Amino acid sequence: MKARQSPSLRSVFVILPSIAILALASAPAYAQWVKMPNSTPRGPDGKPNLSAPAPRLPDGKPDLSGIWEAGSNKYVLNIAADLKPGEVPFQPWAKALVDQRADGSQSGQDPFANCLPQGVPRVNASPPPWKIIQKSDVIIVLYESANTWRQIFLDGRELGNDYPPTFLGYSTGKWDGDTLVVDTRGFNGKTWLDQTGKPTSEALHVTERFRRTDFGHMEIQITIDDPKVYTKPWSVKQQARLVPNTDVIENACENNLDLQHLGRKFVK
Amino acid sequence: MKRRIASCVAVLGLVCAPAQAQWEKVPRANIPRMPDGKPNLTAPAPRLPNGKPDLAGVWEPDNKYVRDLAADLKPGDIPFQPWAKALFDERKDGSRSREDNAAHCLPPGVPRINAAPFPWKIVQTPAFIVIVYETFNLWRQIFLDGRELAEDATPTWFGYSTGKWDGDTLVVDTKGFNGKAWIDQLGKPSTEALHVIERFRRRDFGHMEIQITIDDPKAYTKPWTVMEQANLLPDAELMEFICNENNRDLEHLPSK
């Protein structure tokens, strides 16, 4: 297996007001595994053919399984990077708060800077890769970032009314043709949607539409519906790319030396 | 869906979630049942199409081993190296429990995380097994595809796990540890030389035996072995458990 960049090296390429937020664990680049079989389709030159058709499960549904990484690191900084200024429909209080956070002076209050989960959908945009394991009734996503995980239930269950609010919410998915539509609710309202600090509330409802366009590429359309924070739902589109010949590695939020350099302390 | 009563008894009961129903309209699990509809936990263990036992499910350990991995051994049965015995004797009365990295929300390591009082879920594919742990919302992979650990792998809390089938028993080798984890709350040490062998055997639908061998020649003069049990939770699902949120135990734990 080829060595790949460690989490910290990859995050160096994220230019941020608080450059180090994501470099919470710093492991040097090593090759962890040898004699690793690989099933990626290959072209005549032996290189992975990432534009081959997306694989399918025996039930005919697209198989989203694989190791993925964000196609761009810009969305973890600003989920609305592709929108024009003013296109995020903030409630007035939310606009005032995000304006206070915009210069990074409060980045020490970002839950993720305190080794708490980034939440959904931000964790998908984080530079470390993530692994999808798809079963007919559930999808598990293993995130390298802080070694957290998430389940997306495909078995028809619904979220009840008396759940404990969570950072990552409760996710259920349904197929719309070849697109997996994932609804996530039950959030605790503590997470920032991005590093610039767009707020969330317990009313947050995230819809992610995952479409594996070919073997090596996935589109994720994200809709943020949080009427306490935003006057209407708003949508963005992100890309993820398959990372062949690798796997997710341990990346515990350990030895968190960044926090002392970030502005304003988080109050739990 | 019924939620089991969360156990909040141990030092690591950092979050005590009340019993609640998160999910509704959960399809009735396709599991063997008694005539009265209750799960038949002594039915045969399920198998995958390839004939291998399917270990998948939500499992809950017997949590006495998180405090003392050697709970079933006699005093003196653990072959400590002299330095490790001295260190363990300093820790075992709990007076240094604040020094346990797990009390600081760092990963409890392998095999201790299996014995943590919180359940874990196995998802099995032919090429690898994933275990997602409620404890600290962490995960671990066990590769079944023949890969081997490189010699220059970065040391980790959970190590690197590979598994092979020995009949109906999954034999998991884990190496590449960072030597920082206490293998139980009493404080038995580990080093970077730790090699853990876990033998998982699902003896029927509802019960799994895990035989654990600790081979760490820097801390122990010879390998030593214990047996743990895990029980299937047929109508439960894992919850989110974020240790770093409001970790109120730490201030109450002593150190020297």
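Naming convention: chains lettered A, B, ... in sequence-line order (proteins, then strands); numbering from 1 in each chain. All figures in this text were calculated on a predicted structure; none of them were measured in a lab.
Evaluation of the ring pair (Phe, Tyr, Trp, His ring centres under 6.0 Å) rule for A/Phe153 yields B/Trp23 as partners, not counting sequence neighbours. B/Ser161 meets the side chain to side chain donor-acceptor pair (under 3.5 Å) test with B/Arg140, B/Thr174; sequence neighbours excluded.
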Side chain to side chain contact (heavy atoms under 4.5 Å, CB included) evaluation trace for A/Leu116 with B/Ile242: CA-CA 7 Å; A/Leu116 291 165; B/Ile242 306 304; 3.4 Å; yes

Side chain to side chain contact (heavy atoms under 4.5 Å, CB included) assessment of B/Thr162 paired with A/Trp33: CA-CA 10 Å; B/Thr162 56; A/Trp33 297 109; 3.6 Å; yes

So B/Met239 and A/Thr166, side chain to side chain contact (heavy atoms under 4.5 Å, CB included) or not? Walk me through it. CA-CA 9 Å; B/Met239 296 177 63; A/Thr166 58; over 6 Å; no

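With a 4.5 Å cut-off on side-chain heavy atoms, B/Asn137 and A/Phe167 do not count as touching. Proximity of A/Gln32 to B/Thr156: side-chain heavy atoms (C-beta onward) are nowhere separated by under 4.5 Å.
The two atoms that bring A/Glu250 and B/Gly159 nearest to each other are OE1-N, 4.4 Å, heavy atoms only. The shortest heavy-atom contact between A/Pro37 and B/Asp145 is CG-O, 3.2 Å. Taking all atoms of both residues into account, the shortest heavy-atom contact from B/Glu240 to A/Gly169 is OE1-N, 4.3 Å.
A donor-acceptor pair under 3.5 Å is absent between the side-chain atoms of A/Glu254 and the main chain of B/Leu106, judged by distance alone.
Atom CG of A/Leu159 is separated from atom CD of B/Gln22 by 8.5 Å, given to the nearest 0.5 angstrom. How far CZ of B/Phe136 is from OG1 of A/Thr148: 12.5 Å, rounded to the nearest 0.5 Å. A/Trp149 CH2 to B/Leu238 CG: the interatomic distance, rounded to the nearest 0.5 Å, is 4.5 Å.
Counting non-hydrogen atoms of neighbouring residues, nucleotides and ligands closer than 6.0 angstrom, the CG atom of A/Asp59 exceeds 12 such neighbours.
Heavy-atom pairs under 4.5 Å with chain A were tallied for B/Gln141, B/His104, B/Lys121; the largest tally goes to B/Gln141.
Looking at B/Glu151, there are no atoms closer than 4.5 Å to chain A (heavy atoms on both sides), in backbone or side chain.
Using non-hydrogen atoms only and a strict 4.5 Å limit, the part of residues 123-131 of chain B facing chain A consists of B/Val123, B/Gln124, B/Thr125, B/Phe128, B/Val130. For a heavy-atom cut-off of 4.5 Å, chain B lies close to A/Ile133, A/Lys135, A/Ile140 in residues 133-141 of chain A.
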